[in-house]
Amino acid sequence: MRNNIKVFLSIGFTFILNLYFSQSRFDSGYSKGYSSGYCQDKINCISPISPIPPIPSVNESSDSYKDGYNRGFKDGLENNKPESRDRYKTSKPKFYNNERNSNSTNELLLMLLKKKKETEEKVNQNFQQAYSDIENYEDNKSEEIINLKTQYLNKIENLANNSSKILKSTNGNYQHLLNLLQDIYDEFYEKVQQK
């Protein structure tokens with residue numbers, strides 16, 4: 001029984017030591033960033049062993065390699081300040097960042113939504129104009145023209161009612177929808193001229 005307790009305690013102690021000495025992603029990033037920052041703009045630089053990584057701040061995550069790298073880079077730069085005389089510099093400091101800028105993404109989405117709204121308004125105006133032109137066509141009270149107008153006004157209404165299905169099947173191709181509207185409009189005037 002005592003041997004089982006000793007084995008259990010030694011396994012537990014080994015596990016705790018592994019957790020204590022294992023590095024988080026932040027710690028790994030800090031070590032690499034410190035070396036890079038320390039040797040920034042230095043020729044033939046040998047970086048020292050990085051210090052013990054600090055505890056991540058409120059805005060940093062222990063699971064973020066990027067946060068650790070950026071913090072280590074800044075600390076490395078500060079701990080190896082350049083001499084007072086100017087030397088040849090090869091490059092500017094570069095910080096690791098693989099995230100998208102949410103402001104530019106939001107601006108792009110707003111621009112696309114505005115463009116879509118403008119297109120929808122233009123299509124709506126074209127539908128209203130075609131409907132109005134056919135409805136106000138001078139017919140001299142001819143029964144054939146009245147029936148033809150009713151038939152083509154119904155076609156425009158059906159096209160408008162099915163526009164969402166048409167746009168979905170054409171992946172939002174508004175030009176295709178406008179072409180269908182133009183075909184109805186042209187066909188009406190061709191038939192009117194034949195009368």
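Residue numbers run from 1 in the order of the sequence given.
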For Lys155, check salt bridge (Lys or Arg N to Asp or Glu O under 4.0 Å) against everything at least two apart and list the hits.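 For Lys155 the salt bridge (Lys or Arg N to Asp or Glu O under 4.0 Å) partners, ignoring immediate neighbours, are Glu187.
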
Would you compute the distance between atom [atom1] of [X] and atom [atom2] of [Y] and round it to the nearest 0.5 angstrom?
{"X": "Asn173", "Y": "Ile166", "atom1": "CG", "atom2": "CD1", "result": "11.0 Å"}
{"X": "Ser47", "Y": "Lys32", "atom1": "OG", "atom2": "NZ", "result": "8.5 Å"}
{"X": "Leu177", "Y": "Ser164", "atom1": "CG", "atom2": "OG", "result": "10.0 Å"}
{"X": "Phe73", "Y": "Ser35", "atom1": "CZ", "atom2": "OG", "result": "11.0 Å"}
{"X": "Leu159", "Y": "Tyr131", "atom1": "CG", "atom2": "OH", "result": "13.0 Å"}
{"X": "Glu135", "Y": "Thr150", "atom1": "CD", "atom2": "OG1", "result": "9.5 Å"}

Centre-to-centre under 6.0 Å for Tyr185 and Tyr189, is that the case here?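 Yes.
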
If you take all heavy atoms of [X] and [Y], which pair is closest and at what distance?
{"X": "Arg71", "Y": "Ser57", "answer": "NH1-N, 3.9 Å"}
{"X": "Ser61", "Y": "Asp67", "answer": "N-OD2, 3.0 Å"}
{"X": "Phe26", "Y": "Pro54", "answer": "CE2-O, 3.4 Å"}

Does anything in residues 143-167 form a ring-ring contact (aromatic ring centres under 6.0 Å, His included)? List the pairs, not counting sequence neighbours.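 Qualifying pairs, neighbours excluded: Tyr152-Phe188.
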
Side-chain donor-acceptor pair under 3.5 Å between Gln175 and Asn179, yes or no?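 Looking only at side-chain atoms, Asn179 and Gln175 do form a donor-acceptor pair, the distance falling under 3.5 Å.
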
Please check if the side chain of [X] supplies one atom and the backbone of [Y] the other of a donor-acceptor pair under 3.5 Å.
{"X": "Glu78", "Y": "Asp75", "result": "no"}
{"X": "Asn162", "Y": "Lys165", "result": "no"}
{"X": "Ser64", "Y": "Glu60", "result": "no"}
{"X": "Ser163", "Y": "Ala160", "result": "yes"}

Report, as yes or no, whether the 6.0 Å neighbourhood of atom CG on Leu112 holds more than 12 heavy atoms from other residues, nucleotides or ligands.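 Yes, because the 6.0 Å sphere around CG of Leu112 holds more than 12 heavy atoms from other groups.
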
Is there a path of hydrophobic side-chain contacts, each under 4.5 Å between heavy atoms, that joins Leu148 and Ile134?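 Yes; tracing contacts between hydrophobic side chains, which count when under 4.5 Å, links both residues.
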
Kindly give the cluster partners of Tyr30, where membership spreads through any ILVMFWY side chain lying under 4.5 Å from a current member.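 Traced through the cluster, Tyr30 reaches Tyr34, Tyr38.
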
Can you list, by chain and residue number, the hydrophobic cluster partners of Ile55 when the side-chain cut-off is 4.5 Å?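 Result for Ile55 is none, singleton.
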
Under the side-chain hydrogen bond (donor to acceptor under 3.5 Å, both in side chains) rule, what pairs show up with a residue in residues 111-128, not counting sequence neighbours?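 Non-adjacent pairs meeting side-chain hydrogen bond (donor to acceptor under 3.5 Å, both in side chains): Glu120-Tyr174.
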
Just to verify, what does Asn147 make a side chain to side chain contact (heavy atoms under 4.5 Å, CB included) with, not counting sequence neighbours?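 Here the qualifying residues are Glu143.
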
Answer whether the closest heavy-atom distance between the side chains of Tyr69 and Ser36 falls below 4.5 Å.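 In short, these two side chains touch, coming nearer than 4.5 Å.
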
Considering the options Leu180, Leu181, Asn161, which one meets the side-chain contact (heavy atoms from CB on, under 4.5 Å) requirement together with Ile156?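 Passing option: Leu181.
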
